[in-house]
Enquirer: 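Okay, handing you the structure first.
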Amino acid sequence: MRTAPIDPRAWFIWAIALALPPLVGRNPFPVVTCAVVAGAVALGYRGSGSGWGTVVRLAGWLAAVGVVFNVLTVHAGDWVITTLPDWLPLIGGPLTWNAALFGLVSGIALMTVVLIGVTLTRVLDWVAVMRMLPDRFAGLAAVGAIAWTLVPQTGRALTEIREAQVARGYQPRGVRDAGPLVVPLLAGGLERATVLGEALEARAFGSSATADATRRREGFLLLLAVTVGVVAAYAVMLRAVVLAAVLLAIASILTWLALRTPSDGIGRTRYRRIAWDRRATVIAGASAVALVGELVVLVTSPGAFAWEPYPSMVIPVANLLVLGCIALLLAPLAVQP
Amino acid sequence: MHRWRCWAVLLLCVWLVGAVFAPPMVGADPDRGSHAGLVIRRADGALTYAWVAFPEPEISGVELLHRSGVPILTAGFGGLGEAICQLEGEGCSLTECRKSVCQVGANAPYWRYFQMSDDGEWVPGVLGASISKVRDGDVDGWSWTADESFLPTITPGEVAVKAGAGASDGPAVWRSEPLAQPQAGTLRETGVALGLVGAIVLVAGAGVWWARQHRSAA
């Protein structure tokens with residue numbers, strides 16, 4: 001019997017709580033703990049033929065390249081490995097263990113975020129996610145869901161094409177032998193896109209009952225809201241808090257003005273609503289507690305998340321409350337996968 | 001004759017005392033190489049004086065900092081040179097430095113570069129420390145500030161004296177206040193944290209095993 005999917009809102013809270021530590025700092029204790037939790041949940045919910053293995057491997061390679069890049073370009077630190085001549089552009093100077101360790105922690109943080117995304121892709125009920133969004137975002141949600149499944153679909157197609165070609169005696173020896181793989185992959189991708197487009201067209205995707213002028217006004221307001229929002233994000237980076245707050249308020253008002261226009265008259269019906277069950281309560285509850293704990297520590301003691309081994313290698317500060325909060329995020333393994 | 005000897009000994013003593021305690025003559029002897037001074041002012045007003053000898057006729061301001069031996073953290077920006085992120089343990093992290101060169105707000109302090117003019121005034125460096133030239137007898141100033149330098153009025157000779165130049169061949173450095181220690185965890189805290197991380201790994205492994213068993217049974 002197929003198990004009913006868990007409410008997507010519980011998974012979103014879990015993902016935010018788990019992604020927060022690797023995104024706000026590079027303290028090895030929370031970053032490594034988050035990686036362990038993300039890896040365990042990803043393994044616990046691993047399905048067959050998910051197609052994300054390539055992405056995880058690619059992220060691993062990127063993390064490894066990041067370590068090398070960090071060592072070669074950051075010439076700071078007191079634990080020197082060796083020194084390259086200064087006449088070498090960019091990489092000339094001392095190479096340090098400090099840079100290697102920081103690059104390694106950054107790579108683990110990157111892998112953690114990728115694992116969280118992979119886990120979400122596996123466990124989320126995308127139909128339920130689309131239904132949770134307001135009617136006005138239905139089109140956006142459909143496009144987002146299609147885009148999100150593009151990578152695993154392409155991965156699966158590549159595997160199938162490779163197996164078929166190997167059965168025909170294909171033996172790849174280098175980049176020049178990639179043709180028998182790439183051409184069918186491209187052709188198959190175009191064919192799938194055409195079929196998908198026809199299917200969406202047949203279901204009147206993108207049609208509207210409202211006047212063009214109303215849609216143009218709505219689109220203009222949304223574009224303006226996004227622009228102001230991006231400027232607000234830049235103000236946040238500059239620590240101009242007041243300006244950022246004003247811009248965010250303007251962006252919110254513009255979004256509200258754009259969305260308050262009457263819908264296009266094409267309503268959606270629901271056969272059944274997704275049930276909020278005990279599993280969702282466990283995951284959401286544990287994640288909410290963890291998120292609140294992390295935020296409290298982030299405000300009261302930011303050093304619990306931050307660490308830099310420059311200019312001298314120091315032992316990172318260990319905050320047991322943060323580690324305990326992250327441990328709570330193993331809750332998805334305690335409920336039925 | 002006895003009086004002449006007394007006068008000669010007295011003059012010799014005065015000369016010796018003067019030679020020992022007098023400030024070095026800046027740029028007086030080309031065979032001794034070049035010397036330049038550094039004045040660093042931290043946020044709490046603590047001052048560091050350094051007197052650096054170098055064989056070249058001129059070096060850059062960043063090179064002077066490196067040769068002075070004061071704790072320094074820089075971020076490289078390729079052909080644009082190096083940005084000063086931390087001096088004497090004060091400043092911003094390398095990540096922040098790469099993003100904003102420590103300037104995190106309109107009036108936020110950063111390591112501002114000054115050069116002492118011929119009349120003893122502190123003039124903001126317009127070229128940046130990677131490009132600026134420091135020659136024999138020059139004095140560079142660094143202050144963790146957003147506007148005014150707050151650096152003391154001083155002469156190159158006085159910088160050499162305060163730094164204690166002449167005691168050794170290496171750079172001479174003197175600080176009005178000791179350096180602050182960076183925030184770091186203790187070994188006990190680290191041990192407890194490592195134990196907790198190990199316990200989490202065990203629980204995670206058990207959880208994965210249980211989840212797989214449950215799924216295969218289903």
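By convention in this document, chain letters (A, B, ...) are assigned in the order of the sequence lines, proteins followed by strands, and residues within each chain are numbered from 1.
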Enquirer: Return the minimal non-hydrogen interatomic distance between E308(A) and L94(B), and the atom names on each side.
Expert: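 Nearest pair, atom of E308(A) first, then L94(B): OE1-N, 2.7 Å.
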Enquirer: Would you name the heavy atoms of E189(B) and A318(A) that are closest together and state the gap between them?
Expert: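 Nearest heavy atoms, E189(B) then A318(A): O-CB, 4.0 Å.
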Enquirer: CG of D118(B): more than 12 outside heavy atoms within 6.0 angstrom?
Expert: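 Incorrect, the count does not exceed 12.
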Enquirer: Rounded to the nearest 0.5 Å, how far apart are OG1 of T74(B) and OH of Y310(A)?
Expert: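 The OG1 atom of T74(B) sits 11.5 Å away from the OH atom of Y310(A).
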Enquirer: From L330(A) CG over to I200(B) CD1, what is the distance, rounded to the nearest 0.5 angstrom?
Expert: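 Between atom CG of L330(A) and atom CD1 of I200(B) there are 7.0 Å.
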Enquirer: Step through the shown structure and confirm whether more than 12 heavy atoms of other residues, nucleotides or ligands are within 6.0 Å of OH on Y234(A).
Expert: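 Result for OH/Y234(A): open.
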Enquirer: Got more than 12 heavy atoms from elsewhere within 6.0 Å of CG, L88(A)?
Expert: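 Yes, because the 6.0 Å sphere around CG of L88(A) holds more than 12 heavy atoms from other groups.
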Enquirer: Which heavy atom of A211(B) sits nearest a heavy atom of L333(A), and at what distance?
Expert: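 Looking at all heavy atoms of both residues, the closest pair is CB-CD2, 4.2 Å.
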Enquirer: What part of L320(A) gets within 4.5 angstrom of chain B, counting heavy atoms only: side chain, backbone, both, or neither?
Expert: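 Contact with chain B: backbone and side chain both.
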Enquirer: At a heavy-atom separation under 4.5 Å, does L196(B) approach chain A through its side chain, its backbone, both, or neither?
Expert: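 Contact with chain A: side chain only.
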Enquirer: On a heavy-atom basis, which atom in L73(B) and which in A76(A) lie closest, and how many Å separate them?
Expert: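 In this case the closest contact between L73(B) and A76(A) is CD1-CB, 3.4 Å.
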Enquirer: Minimum heavy-atom separation for T95(B) and F102(A), please, with both atom names.
Expert: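 Result for this residue pair: OG1-CZ, 3.9 Å.
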Enquirer: Output the option from L323(A), N319(A), V37(A) having the highest count of non-hydrogen pairs under 4.5 Å with chain B.
Expert: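 Option with the greatest count: L323(A).
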Enquirer: Which atoms form the tightest heavy-atom contact between A204(B) and V36(A), and what is the distance?
Expert: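 Distance-wise, the nearest heavy atoms are CB-CG1, 4.0 Å.
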Enquirer: Below 4.5 Å from any heavy atom of chain A, which atoms of S100(B) appear? Answer side chain, backbone, both or neither.
Expert: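 It is neither, since no heavy atom gets under 4.5 Å.
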Enquirer: Can you confirm whether N107(B) is buried at CG, in the sense that more than 12 heavy atoms of other residues, nucleotides or ligands lie under 6.0 Å from that atom?
Expert: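 Counting other residues, nucleotides and ligands, CG of N107(B) stays at 12 neighbours or fewer.
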Enquirer: Walk me through it: do R212(B) and L43(A) pass the test side chain to side chain contact (heavy atoms under 4.5 Å, CB included)?
Expert: CA-CA 9 Å; R212(B) 289 191 164 188; L43(A) 282 174; 3.7 Å; yes
Enquirer: Quick one: OG on S93(B) to CZ on R26(A), what's the gap to the nearest 0.5 Å?
Expert: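 If I round to the nearest 0.5 Å, the distance is 11.5 Å.
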Enquirer: Heavy-atom pairs under 4.5 Å with chain B - which of V74(A), T73(A), V241(A), V41(A) has more of them than the others?
Expert: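 Option with the top pair count is V74(A).
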